[in-house]
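Okay, structure first, notes after.
Computed from a predicted structure; not experimentally measured.
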Amino acid sequence: KMKSSNGSRNSPLNVAGLIYPKPLPEIKLGPVINDLGFTLSETLALRQAWNIIRPFSRRYGEDVFYKFLNKEFWAIKKFGNGKELDLKTLHRHALKFVRFIGVLIEEQDPIMFQLMISDNNATHSRCKVPSMYIAKLAKALVDYLLNVLQMVSSPTLEQGFGKLVEKFQAYQDDHTRASAYARLSRI
C-alpha cells in the first residue's frame, strides 16, 4: 500500500466530509417576498383572480371606464374628434386598460414591470392625461374587481390588489416630482 504525501487527507472518507453534509439554507421566517414586493400567496391570488377576470375583461373595463369618465367628465373629450364621441376608441381603450392590469399581474421581472408602467405613463403624458388620474382609474378598477369577486375574495387578494395600486401610485408620484424638478431646473 502506498501512502500519499498528504497522509490520510485524500482518503475517500475525508473528501466526502468536505462535500457532505451540505449546509442548510438560511431559514427565513414569515412570508417570502418576490422581487416586485408581493408575497407568494398574493402573487398566486392575483393570478387566480386574473384567470377569473380575463374572459370578462371587456365588460369590466367598459363598466369601470364609463363610471370613471362620468365622474371625471373632462376626460371623455379625449375620446372625441371634436364633434362627436369616438366609441370604437373608447371601447378599445377600456379593454386595453384591463388587459394592461392583467399583464402587470402576470409580469415577473421587476425591470419590465417598471418599464411597462413608465411607458404607459409616457403615453398618457403625451395625450395630456395627468398621472393622478391614471392611478385613480387603477384604484377604481381594483375596487370594482374586488366587488365583482366578493364571493371568492380573500384578504390576500385585497392586499395584492392594494400593493398593485400602491406601486402604480408610487411610480406616478415619483414621475410627477421628477418632471416638476426638471421644469424647475430649466428656469
- Message: Within the supplied structure, the quantity of interest is the number of heavy atoms (other residues, nucleotides, ligands) at a distance under 6.0 Å from Lys139 NZ; does it exceed 12?
- Response: no

- Query: More than 12 non-hydrogen atoms from neighbouring residues, nucleotides or ligands closer than 6.0 Å to CZ on Arg54, yes or no?
  - Reply: yes

- Task: Please step through ring-ring contact (aromatic ring centres under 6.0 Å, His included) for the pair Phe68 and Phe97, ending with a clear verdict.
- Result: CA-CA 13 Å; Phe68 181 78; Phe97 171 67; 8.5 Å; no

- Task: Let me see the working for Leu145 and Val142 under side-chain contact (heavy atoms from CB on, under 4.5 Å), right down to the final yes or no.
- Result: CA-CA 5 Å; Leu145 293 176; Val142 165; 5.6 Å; no

- Query: For Arg47 and Glu106, which heavy atoms make the closest approach, and how far apart are they?
  - Reply: NH2-O, 3.5 Å

- Task: Please report the C-alpha distance between Leu36 and Thr43 in whole Å, then the side-chain angles of each, then the deciding distance to 0.1 Å, and finally whether the side-chain contact (heavy atoms from CB on, under 4.5 Å) criterion is met.
- Result: CA-CA 10 Å; Leu36 293 171; Thr43 302; over 6 Å; no

- Query: So does Arg92 have more than 12 non-hydrogen atoms from other groups sitting under 6.0 Å from CZ?
  - Reply: yes

- Message: For a side-chain contact (heavy atoms from CB on, under 4.5 Å) check, start with the C-alpha distance between His124 and Tyr133, then their side-chain angles and the critical distance, and finish with the verdict.
- Response: CA-CA 10 Å; His124 285 87; Tyr133 288 104; over 6 Å; no

- Query: In terms of hydrophobic clusters joined by side-chain contacts under 4.5 Å, are Leu87 and Phe65 together?
  - Reply: yes

- According to a 4.5 Å side-chain heavy-atom criterion applied to Ile, Leu, Val, Met, Phe, Trp and Tyr, with indirect links allowed, do Val103 and Ile117 form part of one hydrophobic cluster? yes

- Show the numbers, then the answer: is there a side-chain contact (heavy atoms from CB on, under 4.5 Å) between Lys163 and Thr39? CA-CA 10 Å; Lys163 283 184 181 179; Thr39 64; 4.2 Å; yes

- Task: Check whether Phe38 and Ile33 end up in the same hydrophobic cluster, where Ile, Leu, Val, Met, Phe, Trp and Tyr are linked by side-chain heavy atoms less than 4.5 Å apart.
- Result: no

- Message: Grouping I, L, V, M, F, W and Y whenever their side-chain heavy atoms are under 4.5 Å apart, do Leu146 and Ile53 come out in a common cluster?
- Response: yes

- Message: Quick check for you: to the nearest 0.5 Å, what is the distance between Phe161 atom CZ and Leu46 atom CG?
- Response: 5.5 Å

- Message: Using the rule that Ile, Leu, Val, Met, Phe, Trp and Tyr join whenever any side-chain heavy atoms are under 4.5 Å apart, tell me whether Met112 and Trp50 fall into a single cluster.
- Response: no

